[in-house]
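What follows is one structure encoded as structure tokens, with my remarks underneath.
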Amino acid sequence: MTAAKDQNKTPASDASRDATDYPEVHPGRHLDAQRSMQTLVFLHGGNVGNWSWDPQVLAFGDYNILTLHLPAFGARFEETWEGLESAADDVAALIADEVSEGGVHLVGMSLGGVIALHVAARHPELVDSVMITGTPVTGVGQAARAFQRMQLKLIGSEWYWRFQAGAYGMVDDERELFTEHGVKLKAENLRAIMDEMDPGGLPEKLDSYQGPVLALVGAKEPKVVQKSFEALRAKLPQVITRVVPGMHHQWNIENPILFNSVLRKWISEEGLHQILVDPQAAKPARGAKAAPAEQPAEAPESEDRDADLPAPPVQEAEAKKPGKLGGKIDPRKLDPKKLDFKKKAPQKGDHPESAADTGK
């Protein structure tokens, strides 16, 4: 394990976080006489480190918590990515080392969600429940793959990661940590992860896990994630799929109070927070055709991509091309209904029909 674990630090005793030295082990701080101390295991996504779970570590002091540094990220950014199965076995090893009795509640974000499914498939005896969010398993198209690999040339640039942080809804110190961590990632590791995840697919023997599973997607995430729900339901009949209204991909940071409420409801009673929406009832994206009841709304090709590793500059499905204002104004905040475009008065010599045809 890492030096961060050996130091056994907790967020409560640290004045600041570090992008590569956030601890892995967080002993429970609030004992509950009514039940034995359970364990939460948080697995981060492919653009962030284990520090991204700090809002949850602080909120779940009545649980023992493990926040693993996944290979190629955080304190392990110098390591070589060895594959999803290897990463899942790393998680299982940490659980076996730190949990003396009972299973754990696995919580995975994006890449971490895929790894959580591999842990459940390979080590079902270690897992009591699974909650994943922003987890694509159906693969992406060739155009999206090519675009993602073009972006690998940008990962060493701070401005790129700052822009992504804004798209994820991060502010203040999260934005700084995200940038500090992002520039340290190795392009060859991200490319290897893309090569493994882009084709899609679920782990073998996933149906051997019989415990409860909750799969979530932020309403403002790429639609490729929601498309994965059908595949999950086919392999795991017990899975519950829901949409989180108004949320982007990294919504545990964007709205930690909501995320914590949803998670606590799930792990304490296998219940569903009232804000969650059944995907069949979710409103399709603007301009999308209505889909059959059992299918999510079809996404444009530009949205058919991994939810992270890394993300395109503009991530919202409804976002427009920034045009000439792209470098000065966040195009996601532009509302065409509020823009006051005054009609141009016909000039002398103009043909009336040409003005009408152009809508001016």
Side-chain angles (χ1 to χ4, degrees), residues 2 19 22 24 26 39-57 60 65-77 79 81-95 104-123 126-127 129-137 168 170 174 177-178 181-182 185 189-190 192-194 196-197 200 202-203 206 209 213-218 221-222 224-225 228 232 239 244 247-254 256 259-260 262-263 266-267 306-311:
T2 66
Y22 191 77
E24 290 188 314
H26 314 265
T39 301
L40 274 165
V41 179
F42 291 100
L43 305 177
H44 62 78
N47 273 340
V48 295
N50 68 341
W51 55 264
S52 62
W53 294 114
D54 191 60
Q56 286 65 57
V57 172
F60 287 87
I65 296 177
L66 304 178
T67 53
L68 185 73
H69 292 279
L70 294 177
F73 299 93
R76 305 172 68 182
F77 74 92
E79 296 183 20
W81 175 257
E82 299 290 349
L84 292 168
E85 292 185 352
S86 176
D89 290 343
D90 273 5
V91 175
L94 179 63
I95 294 172
V104 303
H105 300 289
L106 272 182
V107 183
M109 171 79 68
S110 196
L111 171 65
V114 176
I115 293 174
L117 294 176
H118 279 265
V119 174
R122 295 171 65 83
H123 308 278
L126 298 177
V127 183
S129 74
V130 176
M131 186 180 106
I132 58 176
T133 180
T135 304
V137 298
Y168 280 140
M170 298 181 187
E174 280 82 12
L177 284 165
F178 184 72
H181 177 262
L185 300 181
N189 279 331
L190 296 185
I193 294 171
M194 291 177 184
E196 191 170 10
M197 290 188 61
L202 291 166
L206 182 57
Y209 174 70
V213 182
L214 176 62
L216 303 173
V217 58
E221 289 196 62
V224 65
V225 181
S228 300
L232 284 169
V239 70
V244 191
M247 293 293 100
H248 296 81
H249 185 58
Q250 200 75 39
W251 63 287
N252 72 302
I253 292 177
E254 180 182 12
F259 188 96
N260 296 344
V262 170
L263 176 57
W266 173 248
I267 61 177
D306 284 340
D308 53 19
L309 305 175

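No hydrogens, no waters, no symmetry mates; every other heavy atom, side chains included, goes into these values.
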Sub-4.5 Å side-chain heavy-atom contact between Phe42 and Leu263:
yes
Any donor-acceptor pair under 3.5 Å linking the side chain of Glu254 with the backbone of His248?
yes
Take Ile132 and Leu214 through the test side chain to side chain contact (heavy atoms under 4.5 Å, CB included) and record every step on the way to the result.
CA-CA 6 Å; Ile132 58 176; Leu214 176 62; over 6 Å; no
So CD1 of Ile267 and CG of Leu106: to nearest 0.5 Å the spacing works out to 11.5 Å
Taking side chain as C-beta onward, heavy atoms only, is His118 less than 4.5 Å from Val114?
yes
Quick one: do Val41 and Leu68 satisfy side chain to side chain contact (heavy atoms under 4.5 Å, CB included)? Show the steps, please.
CA-CA 8 Å; Val41 179; Leu68 185 73; 5.8 Å; no
CA sep, side-chain torsions, deciding dist, call: Val107, Leu40, side chain to side chain contact (heavy atoms under 4.5 Å, CB included):
CA-CA 7 Å; Val107 183; Leu40 274 165; 4.0 Å; yes
Distance (rounded to the nearest 0.5 Å) between Phe73 CZ and His181 NE2:
6.5 Å
With side chains defined as the heavy atoms from C-beta onward, is the minimum distance between Thr133 and Val217 less than 4.5 Å?
no
The reported gap from CG in Leu94 to CG in Asp89 (rounded to nearest 0.5 angstrom) is 12.5 Å
Evaluate the side-chain proximity of Ile115 to Leu84: yes if any heavy-atom separation is below 4.5 Å, no if none is.
yes
How far does CD of Gln56 sit from CG of Asn260, to the nearest 0.5 angstrom?
4.5 Å
Smallest heavy-atom separation, Ser52 atom then Pro55 atom, equals O-CD, 3.6 Å
Can Gln250 and Asn252 be said to form a side-chain hydrogen bond (donor to acceptor under 3.5 Å, both in side chains), step by step?
CA-CA 6 Å; Gln250 200 75 39; Asn252 72 302; 3.0 Å; yes
Could you report the tightest heavy-atom contact between Pro71 and Trp81, atom names first, then the distance?
O-CE3, 3.5 Å
Between Val137 and Leu117, is any pair of side-chain heavy atoms under 4.5 Å apart?
yes
Check whether any side-chain N or O of His69 sits under 3.5 Å from a backbone N or O of Tyr22 as a donor-acceptor pair, and report yes or no.
yes
Distance-minimising heavy-atom pair for Leu232 and Ala215:
CD1-CB, 3.9 Å
Under 3.5 Å side-chain donor-acceptor pair for His44 and Asn50
no
Looking at every heavy atom in both Ser129 and His105, which two are closest together, and how far apart are they?
OG-ND1, 2.6 Å
Could you go through the side chain to side chain contact (heavy atoms under 4.5 Å, CB included) check for Arg76 and Asp90 one step at a time?
CA-CA 12 Å; Arg76 305 172 68 182; Asp90 273 5; 2.7 Å; yes
Would you call the rings of Trp53 and Phe259 parallel, tilted or perpendicular, taking 30° and 60° as the class edges?
tilted
Show the numbers, then the answer: is there a side-chain hydrogen bond (donor to acceptor under 3.5 Å, both in side chains) between Asn47 and His249?
CA-CA 11 Å; Asn47 273 340; His249 185 58; over 6 Å; no
Roughly how far, to the nearest 0.5 Å, is the CG atom of Leu66 from the NE2 atom of His26?
8.0 Å
Quick check for you: to the nearest 0.5 Å, what is the distance between Thr39 atom OG1 and Ile65 atom CD1?
9.0 Å
Side chains of Thr135 and Ser228 in contact at under 4.5 Å (non-hydrogen atoms):
no
Would you say Glu221 and Trp251 are linked by a side-chain donor-acceptor pair, where the criterion is simply a distance under 3.5 Å?
no
